[in-house]
Amino acid sequence: MNHSLYIHIPFCRHRCHYCDFNTYAGQSGLIPAYVDALIDELRIVSLAKQDIPIHSIYFGGGTPSLITVPLYKKILNSIKAGFKLGSDCEISLEANPGTLNQEYLSDLYGLGFNRISIGVQSLDPFDLVRLDRIHSIWDALESIHHARLAGFNNINLDLIFALPWQDLETWKKTLLRAIDLSPEHFSIYSLIIEPGTPLFNWYQNGLIKQQDQDLEADMYELTIETLENSGYGHYEISNWAKKDENQDFRGRHNLQYWLGYPYLGVGAGAHGFSNGFRTVNTLTILDYIKHLSQVNLLPMPFPGTPAQISMDAIDLKTQMSDFMMVGLRLVEEGVSERRFRNLFGRSMTEIFSQEIIGLIDQGLIEWSEGEERKLHLTRRGIFLANRVFMAFV
Ligand code: SF4
């Protein structure tokens, strides 16, 4: 079965005020050793099972655009040596404005990267300062321009809304400015004030408030309507792809997660799911390098690697619940009754009859009766999605 490959790059120039991702500032001296460890982990997992077909690779972070082109060449060569790469494999890089130039982007494109996800976050100068991003609006615009010149015709922009100080008008301005840039894809998330971040300290000290929930819902609604009117299909709760007859711009890599297909996670803190196992790698950069520098790195039962701190067999009931929870994120596609039966040999309506009936009664999910019977969120369900997902926990 086609796998996806996630590779975590946990380096950043500095930490943004809202960030709780597994990433570290001031450790760029460790990049070469980290890349060697990545290559070792890739080799070990590929030895455990030969010729795994890969149809998407995603370098996420952190700031993957801090890795040099020669190091990416080394990583990609090791992937090509150990895995069976599809000829149309989607190869994505997460990148931050302020770390990009045209030569770098052209070289990446030459290596085979064909999708770039740019962390713009906001196109309002005040937001960027408050979030402590390393870039200006102009850096963001320049990055997109350079990506186009380099040849990328599949660009995602990441945006954040529901910032504590943001009103509807300011968000609308960012959104409209971003649409003017005509990317092929948008990932748009509302801000969560995470413990341990400077934003959380401001919140605890009363300097900022959580965004008002009604206003947040208004911002989300505005986002859905504006993008719909601008030619973007809302295919996942937080993701939109430009409608195009000739190309599907939905992110293949993330679709793999939402459709319940297998993926391998390589790098510090990376997660994977394959062969019925969920894997979690050790978190810190130094620990990761240490795990991979043991003397005898022997192949392990697939998908095990020495970088993992857990590899748990997922029981059937959990796999079925996960399938429902992540599948219902796909607002257009929904969860297919046929696929559920093919995967698990049981009927979705038999396993989750109570949950499905309850959620339909609340007007949160409904059946679509096209060629195939599928369960998906209603318009109301999109706004109350967490309530729906919790029903399947
Ligand atoms: S660039 Fe991204 S990963 Fe790095 S600190 Fe900022 S939000 Fe976190």
Side-chain angles (χ1 to χ4, degrees), residues 6-31 34-35 38 58-68 72 92-101 104-105 108 115-144 146-147 155-166 174 178 183 185-203 208 211 238-239 251 253-254 265-271 281 283-286 288:
Y6 175 79
I7 300 183
H8 193 66
I9 306 292
F11 298 92
C12 280
R13 286 237 176 103
H14 91 145
R15 281 193 79 96
C16 304
H17 277 164
Y18 59 99
C19 180
D20 80 329
F21 301 140
N22 182 37
T23 189
Y24 306 87
Q27 299 203 24
S28 56
L30 293 172
I31 287 178
Y34 184 78
V35 168
L38 280 180
Y58 193 97
F59 290 89
T63 306
S65 45
L66 291 179
I67 304 289
T68 61
Y72 272 125
S92 303
L93 182 91
E94 266 182 11
N96 266 337
T99 62
L100 297 172
N101 60 54
Y104 178 74
L105 288 164
L108 289 181
R115 185 174 187 270
I116 187 148
S117 177
I118 303 180
V120 167
Q121 315 310 355
S122 171
L123 288 169
D124 178 276
F126 181 73
D127 292 347
L128 292 177
V129 172
R130 282 264 176 119
L131 294 172
D132 208 18
R133 300 286 299 172
I134 58 167
H135 57 88
S136 66
I137 295 184
W138 307 114
D139 292 326
L141 301 185
E142 196 176 57
S143 299
I144 297 159
H146 284 162
I155 298 179
N156 169 61
L157 300 188
D158 278 345
L159 297 175
I160 307 178
F161 70 101
L163 307 177
W165 50 85
Q166 196 173 42
T174 277
H185 192 279
F186 280 107
S187 292
I188 304 181
Y189 291 88
S190 63
L191 180 83
I192 297 171
I193 300 178
E194 300 285 0
T197 62
L199 231 56
F200 190 77
N201 291 342
W202 296 353
Y203 170 67
I208 53 169
Q211 188 55 278
S238 304
N239 286 274
H253 187 82
N254 283 347
V266 171
H271 292 215
N281 277 7
L283 216 55
T284 69
I285 297 171
L286 276 175
Y288 179 74

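Please read all numbers here as calculations on a predicted model, not as lab measurements. Just follow the structure's listing: the first ligand is 1, and inside any ligand the first atom is 1.
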CG (Asp139) and CG (Leu100) are apart, to the nearest 0.5 Å, by 9.5 Å

Quick check for you: to the nearest 0.5 Å, what is the distance between Asn281 atom CG and His271 atom NE2? 8.0 Å

Using heavy atoms and a 4.0 Å limit, tell me yes or no: is Arg133 in contact with ligand 1? yes

Non-hydrogen side-chain atoms of Asp158 and Tyr189 separated by less than 4.5 Å: no

Quick check: do Thr63 and Ile134 have side-chain heavy atoms less than 4.5 Å from each other? no

Taking it one step at a time, do Tyr18 and Arg130 satisfy side-chain hydrogen bond (donor to acceptor under 3.5 Å, both in side chains)? CA-CA 9 Å; Tyr18 59 99; Arg130 282 264 176 119; over 6 Å; no

Between OG1 on residue Thr174 and CG on residue Leu128, distance to nearest 0.5 Å: 8.0 Å

What do we get for His14 next to ligand 1 when only non-hydrogen atoms under 4.0 Å count, side chain, backbone, both or neither? backbone

Which heavy atom of the protein is the closest neighbour of atom 3 (S) of ligand 1, given with residue, atom name and distance? Gly62 N, 3.4 Å

Under 2.8 Å from atom 4 (Fe) of ligand 1, can any N, O or S atom of Cys12 be found? yes

Is Cys16 close enough that one of its N/O/S atoms sits under 2.8 Å from atom 6 (Fe) of ligand 1? yes

Please list, in number order, the atoms of ligand 1 under 4.0 Å from a heavy atom of Cys19. 3 (S), 5 (S), 7 (S), 8 (Fe)

Proximal atoms of ligand 1 relative to Phe21 (non-hydrogen, under 4.0 Å): 3 (S), 8 (Fe)

OH of Tyr288 to CG of Leu30, rounded to nearest 0.5 Å, is 13.5 Å

Under a 4.0 Å heavy-atom limit, does Asn96 contact ligand 1 with its side chain, its backbone, both, or neither? side chain

Under 4.0 Å from a heavy atom of Tyr18: which atoms of ligand 1 are those, numbered in the order shown and with their elements? 7 (S)

